[in-house]
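Written out below as structure tokens is the structure these notes cover.
In this chain, residues are counted from 1 in sequence order. From a predicted model like this one, the values you see are computed outputs, not experimental measurements.
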Amino acid sequence: MTMGKFLVRRILQGVFVIWGVITIMFGLRAVSPGDPATLMLGEGATQELIEHVREQEGLNEPIYVQYFDYIQGMVVGDFGYSWRSNRQVEAMVIERVPATIELAIAATIVAVVIAIPLGVISATRRNEASDYGATLFSLLGISTPNFWLGLMLILLLGVWAGLFPTGRRPVGFAEAVVTLVRYGSVYDLLVWLKYITLPAITLGTYFTALITRLTRSGMVDELGKPYVTASRAKGLPSVLIRYKHVLRNTMIPIITVLGLQMGTLMGGAVITETVFNWPGLGLRLIDALDARDWPLMQGIVVFIAIAFVSINIVVDALYTSLDPQVREE
């Protein structure tokens, strides 16, 4: 199969997935209790006003007409208006995207910086104390719930030790960079780093444990292959064999997982953002859920689905360019 056909098939599969998410969200909205017009106007609204809004928003139309109108709006990028704030949903989603991307990238950096060296040490020192320690860390990292870890970090490092702030961040990464460029001051950047450290550790811990295990298992497999034995027989230094040859071959599946997990991190940031009051998509989704603001909820979930599918397609394309046999599987 050519790369073009492979990409077309992946894109069509992605479109089908996004359509499924949109349909499920619309179905949930349709069967949820409560009248949308009343939710928009509040309990004190008059019946005449409620009927006017129902007519204006097309809520008196048959459900299939509302469905096709909604799909049509999604296709052209019109996600509707928030029932609570009466603002465009796409604008409310886009303004929170940078904070979520910042958090997802920071969590990925935490995972890569810790996990790969830890996995290499664990694989090259099997059955030693460092290997047992890395295995225990992986087990704890995968088993520990994000919300519990976040609360413990806030309590220990934020409240008791006073090392990190626990409130909402006063400045974003983009603003901090602008301050650095314009005035040469790193103060805002340091403040941003302090605020993002605990959320990034919380969100990245599971990811760190996963990459550590992948690196260890990949390194163990590679170290047992004939080319490693031949390299040792030629007298190549162990460090050169491990980091130049073995680790490079191990990195292909890790890079794939890194790309796939970026999409997962964006969706999985909901709990972390709520615990740390981080102003990203996850916190806005919880606020919309609490207010039963269905257009906003639908917009955020669909955006996360589009981001997840897009990242998967890019990762698949990169992976198949490295290993063409994947296209045939």
Is the closest side-chain heavy-atom distance between [X] and [Y] below 4.5 Å?
X	Y	value
Val246	Leu223	yes
Thr229	Pro226	no
Val89	Tyr81	no
Tyr70	Gln66	no
Thr202	Val275	no
Val191	Tyr195	yes
Ser310	Val314	no
Leu296	Arg284	yes

Steps toward side-chain contact (heavy atoms from CB on, under 4.5 Å) verdict (Val97, Phe303): CA-CA 10 Å; Val97 169; Phe303 177 84; 3.5 Å; yes
Which residue pairs pass the ring pair (Phe, Tyr, Trp, His ring centres under 6.0 Å) test when at least one of the two sits in residues 145-181, sequence neighbours left out?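 Non-adjacent pairs meeting ring pair (Phe, Tyr, Trp, His ring centres under 6.0 Å): Phe173-Trp192.
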Heavy-atom closest contact ([X] atom, [Y] atom, distance):
X	Y	value
Gly141	Thr205	CA-CG2, 3.8 Å
Glu273	Gly282	OE1-N, 2.5 Å
Ala99	Pro279	CB-O, 3.2 Å
Arg10	Ile313	O-CD1, 4.0 Å
Gly299	Val93	C-CG2, 4.2 Å
Ala123	Val220	CB-CG2, 3.9 Å

For the pair [X] (side chain) and [Y] (backbone), establish whether a donor and an acceptor sit closer than 3.5 Å, ignoring hydrogens and angles.
X	Y	result
Trp278	Leu283	no
Thr100	Leu281	yes
Thr108	Ala104	yes
Ser143	Leu140	no
Glu175	Gly172	yes

Would you give the length of the straight line joining atom [atom1] of [X] to atom [atom2] of [Y], rounded to the nearest 0.5 angstrom?
X	Y	atom1	atom2	answer
Leu103	Leu203	CG	CG	5.0 Å
Thr212	Leu139	OG1	CG	12.0 Å
Leu198	Leu153	CG	CG	5.5 Å
Leu149	Ile271	CG	CD1	11.5 Å
Leu151	Leu156	CG	CG	10.5 Å
Ile211	Thr208	CD1	OG1	8.5 Å

Does one hydrophobic cluster hold both [X] and [Y], with members joined at side-chain heavy-atom distances below 4.5 Å?
X	Y	value
Val270	Ile24	yes
Val75	Trp19	yes
Ile94	Phe79	no
Ile18	Met297	yes
Ile109	Leu118	no

For [X], look at atom [atom1] and say whether over 12 heavy atoms of other residues, nucleotides or ligands are found less than 6.0 Å away.
X	atom1	result
Tyr206	OH	no
Phe26	CZ	yes
Tyr227	OH	yes

Can you list the steps and then say if Asn127 with Tyr132 is a side-chain contact (heavy atoms from CB on, under 4.5 Å)? CA-CA 7 Å; Asn127 302 321; Tyr132 295 136; 3.9 Å; yes
Which residue pairs pass the salt bridge (charged side-chain N to carboxylate O under 4.0 Å, His left out) test with at least one member in [range], sequence neighbours excluded?
range	value
residues 194-213	none
residues 105-119	none
residues 76-91	Arg87-Glu95

Using the test side chain to side chain donor-acceptor pair (under 3.5 Å), find all partners of Arg168 that sit at least two apart in sequence or belong to another chain.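 Checked Arg168 against side chain to side chain donor-acceptor pair (under 3.5 Å); matches are Asn277.
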Thr215 and Met219: CA distance, side-chain angles, deciding distance, side-chain contact (heavy atoms from CB on, under 4.5 Å) verdict: CA-CA 6 Å; Thr215 306; Met219 288 283 292; 4.1 Å; yes
Check: Thr23/Tyr67 side-chain N/O donor and acceptor closer than 3.5 Å: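 Indeed, the side chains of Thr23 and Tyr67 share at least one donor-acceptor pair under 3.5 Å.
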Mind checking what makes salt bridge (charged side-chain N to carboxylate O under 4.0 Å, His left out) contact with Asp131, not counting sequence neighbours?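 Listed in chain order: Arg216.
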Quick check with a 6.0 Å cut-off and a 45 degree axis cone: is Arg292 positioned over the face of Trp83's six-membered ring?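 No, cation not above the ring by the 6.0 Å, 45° rule.
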